[in-house]
Structures are given as structure tokens and as C-alpha cells.
Amino acid sequence: MMKKMSISTSKTSLVLFLCQIISALDVPLDSKLLEELSQPPTITQQSPKDYIVDPRENIVIQCEAKGKPPPSFSWTRNGTHFDIDKDAQVTMKPNSGTLVINIMNGGKAEAYEGVYQCTARNERGAAISNNIVIRPSRSPLWTKEKLEPNHVREGDSLVLHCRPPVGLPPPIIFWMDNAFQRLPQSERVSQGLNGDLYFSNVQPEDTREDYICYARFNHTQTIQQKQPISVKVFSMDSLNDTIAANLSDTDIYGAKPVTERQPVLLTPTGSTSTKVELRGNVLLLECIAAGLPTPVIRWIKEGGELPANRTFFENFKKTLKIIDVSEADSGNYKCIARNALGSVHHVISVTVKAAPYWITAPRNLVLSPGEDGTLICRANGNPKPSISWLANGVPIAIAPEDPSRKVDGDTIIFSHVQERSSAVYQCNASNEYGYLLANAFVNVLAEPPRILTPANKLYQVIADSPALLDCAYFGSPKPEIEWFKGVKGSILRGNEYVFHDNGTLEIPVAQKNNAGTYTCVARNELGKIQNEVQLEIKDPTMIIKQPEYKVIQRYGQVSFECIIKHDSTLLPTVTWLKDNDELPDDERFLVGKDNLTIMNVTDKDDGTYTCIVNTTLDSVSASAVLTVVARPNPPFDLELTGQLERSIDLSWIPGDENNSPITSFVIEFEDALHEPGVWRYQTEVPGSQTTAQLKLSPYVNYSFRVIAVNRIGRSQPSEPSEQYLTKSASPDENPANVQGIGSEPDNLVITWEPLKGFQSNGPGLQYKVSWRQKDVDDEWTSVIVANVSKYIVSGTPTFVPYEVKVQALNDLGYAPEPSEVIGHSGEDLPMVAPGNVQVHVINSTLAKVHWDPVPLKSVRGHLQGYKIYYWKVQSLSRRSRRHIEKKILTFRGNKTFGMLPGLEPYSSYKLNVRVVNGKGEGPASPDKVFKTPEGVPSSPSFLKITNPTLDSLTLEWGSPTHPNGVLTSYTLKFQPINNTHELGPLVEIRIPANESSLILKNLNYSTRYKFYFNAQTSVGSGSQITEEAVTIMDEAGILRPAVGAGKGYSEILFATSPVMHTVRPTFYKVQPLYPRIRNVTTAAAETYANISWEYEGPDHANFYVEYGVAGSKEDWKKEIVNGSRSFFVLKGLTPGTAYKVRVGAEGLSGFRSSEDVFETGPAMASRQVDIATQGWFIGLMCAVALLILILLIVCFIRRNKGGKYPVKEKEDAHADPEIQPMKEDDGTFGEYSDAEDHKPLKKGSRTPSDRTVKKEDSDDSLVDYGEGVNGQFNEDGSFIGQYSGKKEKEPAEGNESSEAPSPVNAMNSFV
């Protein structure tokens, strides 16, 4: 089976399955191949060179090797053969060289100390391990010693020696107390590298008796404890007291107080020392100093810098640590100890030596017979190591001769090797600090070609990407590789291919036409082999709609799109990242098929969102940045500076702008003196400004706050600034909006807008109010009032002009001189009515009125205009009087005419005119009478068409509601309409005005007519009213001869008055006129209702029923009616509920029936007697069933004899020409009309498709045969009494149907 796998486009695939060795022949690391090829031994696992073991456990010395055939193992101990068979405590693991020395069953670890070496051997050579030195771990006890207490003077230095026993490996040292708590260390007290505890200077608190040194031996998991050391520190005060008690005052004046001392090194001693460290180890240098105050240590390297990234300071900078040292780290390192009194230094000369390390280690060599090769062994060290070679574990000088081998120092040269040249060579590089041992084999093989790549391997790559087809091979000599396309294709050559040494074929830019089968052929002198692989080229994955940069407000919603296109055979996975990491685990992040939506965005959602699309072959990505914006944070740290009487400087620090630059700052102020808690606008400055100079008013206790504004909105206000109270001053301004308007004919009311608190500029705000009559040589009259907003001047003449001014003042003085305004004293009603009123009638509904203006002095106020009062006295066509309704028209300003629209024609009117001022209206002018001429009448109030016969119709009408004059006549126009809604010839008839009905005769039978009717006055014709009606069908069924072939209309013959005439008999196509749905009826039950209706209009209408609870404001519910049925059943209704219903037709814009209201039946009581279980009911039902059976038998007998059954008799008895026939299309009843009602034929009534109405062949009437409204319908809306089939004439029998009637019809006929 073909194995699918993807090809990585990385160049590293060139080395898949290849062993990276320096050899003439590469052996792939193929497990199956390696199992089949002969191979000298290779050591794969061994114990460390210096192997410290736990003496309480078994000793395991590892030695594992591989080879073909599997190698055998042997050991040497201290340079001689170690015969494990002679030692019962030693065993070797099966198929392994690992030794197990049994110590736990009586063996002594010390007995097995020594140097061990393992040899692995097969027929192609022998490999050896390192020299493994086995030493058991030791954890000796402390030697017993007598420790004297340490008595130290305060401020002196002290060293507590640990001197742990020598262990293998060395122990870890730490100091603790009796409570097993580590002793605190600091710059003053610390532990040295040798384990001693150093005190730079002792303090009284250092006094204690439990300084204990512990040594932990990790190999044996034991801890050894030194005896506790006692330290007693004497302070100078206590020492002086002791001396004073034993000596006289003349002998001693007391010990000296604690004196400060310059630094002295405790370790290392002297000014210089040396240190040797090996390359690659950790260099530790230590300096600990005594002194008071405690010295500080600093390290430098003379003539250089301390190595960066490898230098560390430990133990409070007393230890310099350099990791991974090299020869370059050799040099002089100086430590400097310094305190306030001086410094001391020490130079440590560091020399870095090196155990041998590899430059080029020898590598395995696989050769074909006759080939050449080399083994190289190069190492370095300090001092430089010596190189020696061994062959199969034996020094090469005494090893068996090999003519193909030549040793040249660190290189062995092989020429024309043969299979017997196979061996394992050891290179040993050693100096005084150690050695290196490496095994490298020479394996000479003769093998035919092998292809290791699986057969029919499938490679899939993306178009325009490199395709790498593997042909992993092996053979000795090395095979040649050739590639072919197809089974019988030619060898591949040319620049479009790259052939790699490892057999891989590379197509740098793979296209669709590169797909197919490729064959790899490998051949050498021992044979040939080939292998086929398959290549498929896939379309690249693309993001065709990438996410876009988005700016979103905080708490909003944002979506990123990522619409992809990919190869249909690849399954893509879409992953979204935020800032190159996984999306937050938050339900607000909704990942859709091709989008990412973030709900309720917060500030932390700001960042870069990446859509990554992965398939098994390729990966594409696209990113977009989301910027979350919000209103800025409020400013803070408001500060007031530069305080002056009329200005102050305000500064602030802006808050976070939340990704939307601040455009401006709004500064508001609060006046705590006059309006506490009220903040008012002060000024606004640009967003780049954080200071503002503010203008101030006197006598205001200011606080300021700042609001930042950006594109999103305004921040919250800042915290208020400190308060600043300005000094008082006289007012700077006067009240605004000063007015003088009288409220009465003899007064003047002076009003103004008072100053606000901060405008008063000081305490004691008042106003000086002044006035004088204009154009009269009077002095100003003034009064000073409190802080109010008006003053009333009494005793003024009526409506005269005054000059008025209001000035502000406070305890410190007056405001500047105010400006004057003109006012007037109070108005009075006008005294004179307009004169010379004239009316000019323009037409029957419009008149123009003229008048003379009144003298201005008589107005006694501001002239506002004139009002015309007019009213209709009576209609000239009707002498009846009615309630008089006066109408008013106002004309602004000093106008002398006006238009009266909307008058009624042929009517008598009166009017008068009055002048208006601010006080009211003046007297009315004398009433003026005028009349309007006649106009055209309104449409007749109604038009009814009744009593249709074969050739006549009766028309009745009502006179116009508004005749608008004397009616002279009526005009009737009518024309026929055929089945295709074409209009026939138009006939016009003039009718005297005193007529109210007309019988039209000589009409065509079974024909629809359209009527147009209007009234006339001497002025002209009014608007018309229209109706339609249909003559009934000829009872004999004989068509009359038609006039006009193809027209479908009978000759029009009328015995009419001479005014009747016909219009040119042309036909033209029209759309159905006045489509309508009428007579919506409902029959409601408890939970359902049957809805039926009548429709007239275009064929194939699609109906729907809308309904809802009556009186509710809820939307109408809509149900679609299947087909063109004229009934529907509403189900699922609530019992005892009133519903509204209407019917509409799809496709007729806005066309629907009027609403009808019905009520469902009440819900049945939950506790009712089951009537079906009552005996009397069962007996009654049996009697009824028997009676019905008898009736059915009688009915069948009569039908078979050809006689008429009762239904037919009722039809003959009720031969009403207005009864409509059953609709032949769906079998339901059409509309009927009761002959006793004498109603006109209703619009919307159904007729057969041939436009004929049969007189005697109508269906049974619902009135005659129905059982009430609730009994007319089944639940599905169909009639119970309808016939089962279509009716046809049978002249021989005289029956209306050749089929037997339905039982239900038979039952109805007997009711």
C-alpha cells in the first residue's frame, strides 16, 4: 500500500537517514540494514573513569557494546586479566559486559578497589573501555579533641575552625546550633571555602555555646557533627567594671573603649598567592577580611576585565566565582578589602591548565575493498598531550602487521584495503592531568546495492515549492544513482532538477505537470536495484480575506475575518493567536468558521491578533492590530500658581488617553461662596497644553477641575483643586436684558436679568433703576432696589415711550454707566374699528376682503394686525338653516386686505374686521354680506343596481350631499366587460335632475356592465361614482346572435330618450378593475373558526388570512391559504376570546378585506355528564339511525324511478334569479341574495368562467337547507350540503345529475 507522508521544504531533509561520518562510504542508520551488515564492536556504555561507590551496596561496573556478530567481553584489573569465574562474588550480565560485584552478601568493597578495563571482541576486531578506577566512599568520624572556650573582646576578629575529617568524596560543610537551625551569616560573619567560620569583628550578641560544624557525606547519606564551640564576647563596659572592682583608682584608669581598625585579611594570608585550575572547571577565589567597621570586598583582574556572563559573586562578595574557565582566564586577580580607616589587598595568580580535550576524535571508517581512507586523532591540552595508537586493544607497535596500514603521528593512513583489514583502533591522548581514549573501527564491506526508501512512497508538496524525493541507498562499492520519470521514461537531466549525493532528487519549483511516478535506480559492480515513488502537487493554502486593523471602543464588539482558500484534498485547521500566544480562556472570545468575535471588549484585549491556517503541507498566517479606545482617564495633580487679583495659573497632569489622543481640556470652576456644588464652564485649551492662565472675578471662592476630551468623549472630572478666594471690588458689568413693558394701561414694569453671584464682585449687591418719558424734557427718576429682577412704575400715561436704565452697585461702588433702552407703558384696547370694508368674490370658494387702516393713535398699543370674522348664513340651494360656526383669519402687521379661502359654493356669508394690539381686539366693523356663485356638485350619495334580469337592470341613486348649486341633470355612462377584462362600447344617457331611479332594458344576458354616474349644475359636472352589475343567464340556454364578430357582445338596443347616444364601439385591454374581497364570514367553535369570503379580481390569486385578538396592539398573525380556495380554518384559538380577522391577496399591494370580528365558544365545563353513556340518548340515536336508513332507501328508489327528490322541488319553488350557482372549479357555493331583500347585485360575486348565470339550475340554497351558521361547515371549512359531483343535463330523465345523491344531501332535502 502506498504510504502517505509530507515533504519538509527545509534543506535539512537532504541528510535524512544519513550518518554524518568522515569516510569513503556512508552507512545509513537503518536498523534493518545494520542488523544485516558485519560490524566491529563499538562501546556504547561504560562507567565513569573515577567511580566512587557506596561500600554498603553492590558494585556495578558497566560495559555495553554492539557489533555484528555480537561481541564477547573480558576484563582486566590493575593491568592483568580478571578471571571472574574464580570469584564467586563477581558475575557478568547475560549478553553484556557489565560486572556485578556482590557486596551485600558478605563481600568487602575495599577488596575490589583498583583499575578495571573492559574489552569487547568479535571476528572483526576488539574495542576497549576507559580505565575505570573503583574507590569506595568514606565518611570517617571527627577525631576527638578538647575545645577550649573562646573569650574575645568586642570588636576583635575571630575564626572558628571546622577541620572536617577527610572523606571520599569531600563532605559538604555547614554551621548550625543545638536546635538544628542554621547560624545567620552576613558581611560580618560568614563561612569560608574550607568550612571555617570567620568573624570580621565580634559583637556581644555573638556570645553563645553552641557553634556546631556539620559535615554531610552524600554518598553514604551520613552527617558527622563536631563538638560544640563556645564563644564569649566581653564588652568594654563590663570589662571596665571587672577591673575597677579589683584594682585601685591609682592603678588603672580602665580598659580602652572599642576602637575602629583598618582591614586585615584573615584568608588568604600574605599579599600574594597562587591558584591552579583545570579548563572547564569552576574557579573559586576567596578573600575574608577583619576590621571595624566591617570591610567591603571588591574584585578586579589586573590588565583585563572579569569575563562577562561567567562571573558571579557569592558569600557577600567574599568569593569570586568564574564558571567554565579557559586558558584565557589565567592572570592576576586582586581582592581589595576597604573600610573607613583604610584598605588591604591580595593578589591571586591564577594558572589554567587543561586535561586533554578533543580537536578531532577518530571516527568509524567503512570502506570497500581496494579503497583508501584515514583515521585522524587530534587533541589539545596544557601541557600538550601525547598521542598513542592501539589496534584491537594492543599497542600498534606490537600488533599484527597490516600492509594497507601506515601510522603517521596522529593519523593512520589506509591504502587498498581488503576485507582482512577490518579492525578496531584506539587513540589515547594523555598528559599529567588526564587522558582521552577513543575507539574507531575500520570496516571493509563488499555489498550489492540496496534502496532503503520504502517502495511506492507518496510525496505531497505545495505548488511552486521544492519537492525532495528520497532514494536512501547503500552498497559497497558506492552505487551510482539515476532517476527516471514514469515507468518507461528517459533519464532525468537538466537545470530543472538537482541530484544530491545521498540519492535525493530535488525539483526546486514543483508545478502541476511534475506530478507522477518517479523511478530511482542504484547500481554498482555487484548488482542493480530500482524503486518507484509517487509525487502529488497540491494547490497552496491562501487567506483571501485577511483580518483588518480595527479600532473599537471599550465594551464594544469587534470581529476579525479570516476567509481561506485551500486544496480540496487537504483539511485545514484555523488557529487564532493574541500577541503570538493562545487566546485567553474567556467566553467573550467566540471563534467562528471564518472569523473571531470579541464581545464586551476591554483594555486588556488590545494587541495583535493572528489567524494561522495549517494543513499537513503548508501554513499561512495574517495578523491585524486591535486598538481599544475609550474616554480618557481624568487629569490629576491639579496645582494653582501665580495667584493674582484677576488671574491665576492652573496646571495638571493628563490621565491615560486610552489609545485616542486628547484633543482638548475643559476647565470648570465652582463658586463655593455663592453657588456651592454648581460647576460652570471656565475655558477650554488644546490637548497638548497642560497649563492655563485663568481670568478671575472679584469676590469669588474658586475651585477648579479639569475634564479631558478625546474623539470618544469626555473623561470624568478631575479631583477639585484647592480653593482660592479673590478680593472684593465694585461691579464690572450691569444687568442684561433690561426691558420696559407695561402690564396695565397706567404702569411701566421695568425688568432685568440679575447678576449672578460671582458677577457681584463684592457684598451688598443692589440695583439703581432710572426712567424718564421719551421726547419730553424730564429729569431722570431713580430708585435703589435690593437684589431683585423688576420694578413697577405706577401712574403713567397709556402707551407712551420711556427711556430706562439699570445700574449695579455693591458696598465698594457702582458699575460703569449703563446703556439706555426704550420701553412703553401699558396698552389699552383699540378704540376704532376698520372702515370701508369691501368684499370681492373671486370664485365659488375664494373671496378677497379690503379695509381702511385705523389711526395709529386709536390703537393705544403695538399694532399686531387685523382679524376677519366670517360665517356662513345659509346655502342658497337649501333653505334650511343650521348652527352658525364663525371662523377667524388673522393678518399680521399693518395690512389692508386678506383672502378668504375654503368657502362653500352657492352660499350666503357675513363678515366683519377688527384691529388687534397687545392688549386685545378693538370694536368690530359693521357686518358685510356676500354670496358665492354656483360650483360643480359632489358625487351622488349612492348608486345601487338591483333586480337583474336577462336583459335589464334597475339603477337607484341619491342626490349629491353637496349640490353646490341648482342640479340640472345626471349623466349615466356604462359599458360591458368581457371575460378577458376588455371594456366594450361606452353608452351615455342624460337623466333629469328630479329622477332617482332608472330601468335599463335591452341589455345582453349574462354580461357584466360597468356604470359611471355623476350630477351636473350650470357650472359643470361633478365627480362620478362607479358600480358593476351582471345580467342573469338565459334559462333556455340559447345564445342570441352576436353583433361584431369576435367581440363577444350582443347588439345594444335601447328604447331611451333622445339624449341617449353611444360612443365609438372600440375595445381596449385593461387590468381587472377594483379587485375586492367581500362578505368575509366566520363560523367559530371553541378552539377553531371557519373563515370564508368572496373574491373578484385577477385569476390565480394567492390568499392569506390575518388574525389577532380584538383590541390588542399585537402584530397580526398570518396564515397562507393553499391554492385559490375561498375558505380557511383557523385552529389553536383560545375559547371565549374575541378575534379580529381579515383576508388579503398576495401580489396586490396593500389589498385586503375589511376587518371582521368573531368570538370563539366558551370552554366546556370540566365536569360534564357523558351523554353517550345515558340510556335515553342511546335509544334516541338508534331511532335516528333507523329513520335515516329508511330515508336512504326511499331516496334510492325515487332516484331510480327518475322522479324529483325534495331538493329539486325546493329548487323549483324558489326559482330566484339572484341565487348564484355552485362554482364549477372547486365545488363550493357562490354568493346568494335573498329575493325578499331586493338588494342590488353585490360587487365581487362569482360567475362561471363563461360569464353565464342559469336561472333554474342553481344549487340548493343554504337558507332552505342549512341548519344555522354553526351547521354549515365541517371543521376543514367545506359545506356539509354540497353535492358530490359536477352537474350535467339529462334531457331523457329530466334529472340534474346522473349520479346518486350523497346521503347527507338526501337528509338535508327532507329537513
Side-chain angles (χ1 to χ4, degrees), residues 981 1008 1027-1030 1071-1085 1087-1110 1116-1133 1137-1160 1218-1234 1237 1239-1249 1251 1253 1258-1263 1266 1268-1282:
H981 302 289
R1008 179 178 296 279
E1027 268 293 354
E1028 295 182 15
V1030 181
Q1071 293 295 324
L1073 299 177
Y1074 300 104
R1076 66 190 67 195
I1077 296 176
R1078 303 185 60 179
N1079 286 357
V1080 176
T1081 59
T1082 58
T1087 59
Y1088 67 90
N1090 292 296
I1091 314 299
S1092 62
W1093 60 89
E1094 296 174 359
Y1095 166 73
E1096 178 183 346
D1099 294 337
H1100 308 298
N1102 295 319
F1103 299 108
Y1104 61 87
V1105 175
E1106 293 182 316
Y1107 68 99
V1109 177
W1116 291 80
K1117 299 179 181 178
K1118 187 174 182 180
E1119 300 286 347
I1120 303 299
V1121 178
N1122 293 330
S1124 58
R1125 294 189 302 176
S1126 58
F1127 60 89
F1128 187 76
V1129 179
L1130 290 177
K1131 298 181 180 181
L1133 304 180
T1137 304
Y1139 286 90
K1140 55 184 179 181
V1141 66
R1142 63 188 182 190
V1143 183
E1146 299 282 357
L1148 301 175
S1149 178
F1151 171 61
R1152 58 174 67 93
S1153 69
S1154 60
E1155 295 182 17
D1156 190 22
V1157 177
F1158 66 92
E1159 184 173 350
T1160 54
E1218 293 188 7
I1219 295 176
Q1220 299 300 304
M1222 181 187 293
K1223 294 185 288 184
E1224 294 182 334
D1225 53 353
D1226 58 6
T1228 59
F1229 279 86
E1231 181 183 0
Y1232 80 93
S1233 174
D1234 192 347
D1237 293 341
K1239 294 180 181 179
L1241 184 65
K1242 297 181 181 179
K1243 290 184 286 184
S1245 60
R1246 290 269 182 168
T1247 60
S1249 60
R1251 290 291 180 187
V1253 180
S1258 63
D1259 296 339
D1260 291 346
S1261 167
L1262 289 176
V1263 174
V1269 175
N1270 291 334
Q1272 295 178 11
F1273 300 88
N1274 286 326
E1275 188 175 342
D1276 62 356
S1278 61
F1279 288 106
I1280 294 175
Q1282 70 184 33

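- Not counting sequence neighbours, the partners of K1118 by the side chain to side chain donor-acceptor pair (under 3.5 Å) test are E1146.
- For A1138, the side chain to side chain contact (heavy atoms under 4.5 Å, CB included) criterion is met by A1110, not counting sequence neighbours.
- Ion pairing of K1117 with E1106 is absent here, as no side-chain N (NZ or NE/NH1/NH2) approaches a carboxylate O to less than 4.0 Å.
- Looking only at side-chain heavy atoms (C-beta outward), V1129 and I1091 stay at 4.5 Å or farther from each other.
- Pairing each heavy atom of V1143 with each of I1077, the nearest pair is O-CD1, 3.7 Å.
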| Candidate pair T1081 and S1092, rule side-chain hydrogen bond (donor to acceptor under 3.5 Å, both in side chains), full reasoning | CA-CA 5 Å; T1081 59; S1092 62; 2.6 Å; yes

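- A distance of 10.5 Å separates OH of Y1104 from CH2 of W1116, quoted to the nearest 0.5 Å.
- Side-chain contact check for D1156 versus W1093: every heavy-atom pair is 4.5 Å or farther apart.
- A search for side chain to side chain contact (heavy atoms under 4.5 Å, CB included) contacts involving E1119 returns Y1107, F1128, L1130, not counting sequence neighbours.
- With sequence neighbours excluded, the residues satisfying side chain to side chain contact (heavy atoms under 4.5 Å, CB included) with T1087 are P1135.
- Relative orientation of the Y1139 and F1158 rings is parallel, given thresholds of 30° and 60° on the angle between their planes.
- Y1088 approaches N1090 most closely through the heavy-atom pair CE1-ND2, 4.0 Å.
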